[in-house]
Each structure stands twice: as structure tokens, then as C-alpha cells.
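Report on the following structure.
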Protein chains: 2
Amino acid sequence: MTVATLPPSRRGASQRRRAPEIIEAAALVFAQRGFHGATTQDIADVLGIRQASLYYYVSSKEAALELVCLRGVEGFFEAGKAIAARPDPAREKLSLLIISHLSPMLDRGNFVKVFLNERQHLPAESRRRIGRWSRGLERIFEQVIDEGVAAGEFRAGLDARLVTLAVLGMCNAASSWYLKENKGVPAIAAEFSRLVIDGMATRPAKRPPKRR
Amino acid sequence: MTVATLPPSRRGASQRRRAPEIIEAAALVFAQRGFHGATTQDIADVLGIRQASLYYYVSSKEAALELVCLRGVEGFFEAGKAIAARPDPAREKLSLLIISHLSPMLDRGNFVKVFLNERQHLPAESRRRIGRWSRGLERIFEQVIDEGVAAGEFRAGLDARLVTLAVLGMCNAASSWYLKENKGVPAIAAEFSRLVIDGMATRPAKRPPKRR
DNA sequence: AAGTTATTCTATAGCTCGATAGATGGAATT
DNA sequence: AATTCCATCTATCGAGCTATAGAATAACTT
């Protein structure tokens with residue numbers, strides 16, 4: 001083989017090794033203080049480096065925001081699409097969508113929070129790019145709901161759009177309190193699923209008790 | 001009587017007549033760009049006055065934020081308390097709470113939005129003061145829910161805290177989309193109430209069909 | 001060890017923004 | 001007409017922030 005030393009075009013092979021660490025710090029700071037409330041100095045302090053050193057990794061503060069937001073949405077849409085494609089009943093799929101929507105809070109909470117609250121401050125270009133994912137995910141919820149209505153699983157006449165916005169609002173809000181409240185993601189997801197599917201009311205004296 | 005001309009301490013009687021207009025402009029700008037993203041120049045532009053003239057009405061940008069936030073919560077708590085005190089069944093009260101929580105969006109949307117998204121940037125002092133109202137309102141929801149469970153109206157075992165956070169999240173999210181979506185507040189409130197009380201699911205072959 | 005590449009540093013330019021001070025003009029009061 | 005008060009204006013200070021330029025060090029390769 002003629003792989004003498006190394007493909008000459010990528011000798012160093014890995015540059016900016018700390019890059020992920022840098023955007024993680026940016027996510028933390030943006031989540032705490034908001035994009036405009038945060039300074040690049042704040043981010044540098046978290047990393048223990050000088051403010052100017054950040055620019056070795058990131059071309060601008062806004063670019064950092066975009067990277068953080070991207071990690072905040074990536075996966076959501078793909079995961080959602082996979083769930084919607086399953087052959088399961090709609091109620092099952094909706095539950096899975098809720099779980100899938102809450103899970104990233106565990107390992108990427110700051111990224112999600114920044115995506116939800118700060119994406120409006122992205123430059124128009126990248127905001128549109130990221131908004132596409134958002135709307136895609138909304139459509140997935142709506143489709144699953146419509147499907148459930150068509151199959152008779154869900155009430156006829158319910159407004160799929162409003163229900164979608166309700167469920168997403170409910171889930172997204174979790175990013176702002178899930179650290180303070182001491183509930184695990186599975187417990188939250190279970191309660192939420194049950195809430196939107198079965199509601200809070202006791203069935204008026206008619207649970208399905210095996211049929212006696 | 002010696003009230004010769006006028007109570008000397010308040011001769012002019014009404015000063016800063018435009019004050020409400022000024023904080024309305026602040027609410028608009030804070031809602032659009034966020035507290036730190038907004039400049040006092042932006043606010044002045046909306047009013048058609050010079051940036052420095054704002055300081056005749058407001059002692060600082062942060063003070064303006066507090067005024068906006070105050071108008072964003074005021075009323076919520078009082079209205080909620082009145083509803084909780086009614087003799088109606090819990091499901092009825094919960095519906096009213098949802099309506100009451102969505103209504104301010106009509107005439108004070110920007111104030112509510114700013115309260116929800118920007119209160120974190122208030123100086124510690126006023127943030128605590130405002131946080132008290134917030135928590136009070138949460139407690140009202142929780143109590144009504146607990147009450148409903150105790151009365152057998154709501155499922156036993158549901159987590160009042162999580163349900164409260166779900167309902168509030170759902171309602172609060174509306175502040176970010178109710179302008180774009182073309183739904184009236186009553187329609188939204190009705191769909192949301194029905195959702196959390198009855199759920200989406202069709203009753204599993206056992207609506208109360210008169211009993212056959 | 002020498003050379004090269006990767007990473008961080010110092011220093012600072014260039015803005016923008018919040019806030020203050022004091023002047024100006026108009027309206028109301030006497 | 002003279003006086004007082006309200007509202008807005010002009011001008012500017014000083015601080016803080018993003019971003020750039022180029023030097024200095026650390027790490028790696030040969």
C-alpha cells in the first residue's frame with residue numbers, strides 16, 4: 001500500500017480538539033443568562049481561558065449560538081420521524097413522541113433550553129435553517145394525532161394543531177423546571193402521556209373492569 | 001378652611017402623564033428583542049422621542065423591566081384566588097383558571113410575554129418580589145387539583161404538581177404563538193380544558209350511551 | 001534537537017450602550 | 001406679563017463588549 005506516512009491533506013488529523021468543550025460552555029452560559037445577557041468573557045471564565053482565545057474555536061458569538069442551537073434540535077426531528085413511521089397505534093406513538101421529546105433534557109438540557117429561548121436571536125439565515133426542523137417536528141405530532149382521530153383512537157373533532165401546540169408547550173416548559181423539581185424524565189413522560197391521552201377526570205363510573 | 005390655592009405638595013396634580021405609554025413601549029420592545037437585546041434607543045424610537053428623554057419617566061432600564069413584569073402578573077393571582085374560592089366543582093374551576101390564565105394575552109400580551117421570558121433578568125430584589133406571585137398561582141392550581149382528586153372528580157394518584165406544571169406550560173406557551181395562529185382565546189381555552197380534563201382518547205367503547 | 005503545527009496569550013481598536021447634566025421651549029398659573 | 005412647572009432636547013462621559021493582530025508557548029513529528 002502506498003499510504004506512506006499519512007494522507008498529506010490531513011496531517012494533523014484532529015484540530016481544535018477542545019471544540020466540543022467550548023460549545024458546551026457556551027450552552028451553559030447562554031442557558032443561564034440568555035444570549036445577549038451573556039458575555040464571551042463569561043464563557044471564557046467557565047473554561048479557564050482568556051476571552052480572546054475563544055475566537056480560535058468560534059468565528060463569532062452568533063456562530064457559537066448557532067452551534068449550540070443545532071445540537072439542541074438535532075436528533076429531535078429524526079427520532080420523531082422514526083417513531084411516526086412505526087406500525088403502532090397512535091396513542092402508543094404519541095407516548096413515544098413525548099418521551100423522545102423529554103429525553104434530551106437529561107444529557108443536553110442546556111442545549112435544548114438555549115434552542116427554545118434564544119433561537120430568535122440568530123441571524124435571519126440560520127434562524128430559518130433551524131426553524132425548518134422545528135416546523136417539521138410539529139407536523140409529525142399533527143400527523144400522528146390526525147391518524148389517531150382517523151383510526152377512532154382519539155376523539156373526533158379535536159383540533160390537531162392546538163393539541164400539538166399544547167403538548168409541545170407542556171414538554172418544552174419542562175426545560176425550565178426539570179432541574180428544580182425532583183422528578184425523573186420517565187415519571188414526567190408517563191404523567192404527561194396519561195394526562196393528554198386519558199385526561200384527569202375519572203371515567204363517569206365506567207372504567208373497563210374486564211367486563212363482568 | 002385654609003386650603004387657599006391647592007394642597008401645596010401636589011400643585012401640578014398629575015405628572016408624567018405619558019408614563020403608561022412609556023412602559024407600553026418598553027413592553028413591546030422587550031417582548032420583541034428580549035431585555036438585553038433591546039436598547040433604550042429602541043424604546044425611544046417607538047415613542048418618537050430621544051433616548052435620554054426616557055429617563056424623565058424611568059430611573060433605569062431595569063426599573064422599566066420591573067414595571068412591565070408587574071403589569072404582566074398583576075391580576076393573575078387575584079383572579080385565580082377568586083376562582084379557587086368558588087363553590088363550583090373542581091373541573092369547572094380548572095376550566096375557569098385556564099380561561100383566566102389565557103385572557104390577558106388579548107390586551108396585555110407583551111407584558112405577559114416579558115414577564116414569562118425576561119423576569120430572570122430582574123435584579124434579585126424585585127425578582128423575588130415577583131416570584132412570590134408566581135408561586136402563589138402555582139399553589140392555587142395545585143389546590144384545585146388536589147380538591148378534585150379528593151372529591152373523586154379527578155383520577156386518584158395523579159401528581160398535582162406535575163399536572164400544574166403541565167397546564168401552566170401549555171398555557172404560557174400560548175404567549176409565543178397566539179399571534180401567529182388564528183385562534184381566538186375562547187377556542188384555545190376550550191380545547192385546552194377539554195384536553196386536560198377528558199383527554200384525547202375516545203372512551204374505550206364505553207361512552208355513557210344511556211346504558212343500553 | 002529541530003522544525004512544525006496547535007493552542008493560548010497580551011494588547012488594543014472600535015463600538016455601542018446606559019446614564020447624567022444642564023439647556024430649551026411650551027403650557028399653565030397667578 | 002411674569003413666574004413656575006412639565007416635558008423634551010443636546011451633548012457627552014465612562015464602562016463594557018466583540019473582535020482582530022500578532023507574539024508566545026505547548027505539543028507533536030521526524
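Letters A, B, ... mirror the listed sequences (proteins, then strands); counts begin at 1. What you see is a predicted model, and the numbers here were worked out from it, not measured in a lab.
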### Message
Rounding to an integer number of Å, can you tell me how far A:Phe30 CZ sits from D:dC17 P?
### Response
13 Å
### Distance, rounded to the nearest Å, where A:Tyr57 contributes OH and C:dT8 contributes C1'
8 Å
### Query
With distance as the sole test, does A:Arg16 use its side chain to make a donor-acceptor pair with the main-chain N or O of A:Tyr56 at under 3.5 Å?
yes
### Message
Rounded to whole Å, how long is the line connecting atom NE2 of B:His36 with atom C1' of C:dG18?
### Response
13 Å
### Message
Expressed as a whole number of angstroms, how long is the span from B:Gln15:CD to D:dT4:P?
### Response
17 Å
### Query
Tell me, do A:Ile98 and A:Val196 make a side-chain contact under 4.5 Å, heavy atoms counted?
yes
### Under 4.0 angstrom between B:Arg18 side-chain N/O and D:dT8 OP1 or OP2
yes
### Query
Is any side-chain nitrogen or oxygen of A:Tyr56 closer than 4.0 Å to OP1 or OP2 of C:dT8?
no
#### Entry: Salt-bridge criterion met for B:Asp159 and A:Lys183 (N-O under 4.0 Å)
yes
### Partner of A:Glu66 by side-chain hydrogen bond (donor to acceptor under 3.5 Å, both in side chains), out of A:Arg119, A:Arg71, A:Arg129, A:Arg127
A:Arg129
#### Entry: Interatomic distance where CD belongs to A:Gln41 and P belongs to D:dA15 [whole Å]
17 Å
### Message
Can a donor-acceptor pair be found, under 3.5 Å and without considering hydrogens, that links the side chain of A:His36 to the backbone of A:His121?
### Response
no
## Note on the structure
So, with a heavy-atom separation below 4.0 Å from DNA chain D, the residues of residues 48-55 of chain A are A:Gln51, A:Ala52, A:Tyr55
#### Entry: Side chain to side chain, B:Leu137 and B:His101, heavy atoms closer than 4.5 Å
yes
### Query
Counting distance only, does the side-chain N/O of A:Asp42 pair as donor-acceptor with the main-chain N or O of A:Thr39 below 3.5 Å?
yes
### Query
Between B:Ile22 and A:Phe35, which has a closest nucleotide on DNA chain D that is more 5'?
B:Ile22
### Task
State, yes or no, whether a side-chain contact exists between B:Leu165 and B:Phe141 at a heavy-atom distance under 4.5 Å.
no
### Message
Counting only heavy atoms and a strict 4.0 angstrom limit, can you tell me which residues of residues 58-72 of chain A come near DNA chain D?
### Response
A:Ser60, A:Lys61
### Message
Check this one for me: any side-chain N or O of A:Thr40 less than 4.0 Å away from OP1 or OP2 of D:dC17?
### Response
no
### Task
Could you tell me the separation between the CZ atom of B:Arg17 and the P atom of D:dC5, rounded to a whole number of Å?
15 Å
### Query
Are B:Asn117 and B:Phe30 close enough, and set up right, to give a side chain to side chain contact (heavy atoms under 4.5 Å, CB included), and what steps lead you there?
CA-CA 10 Å; B:Asn117 300 326; B:Phe30 289 161; over 6 Å; no
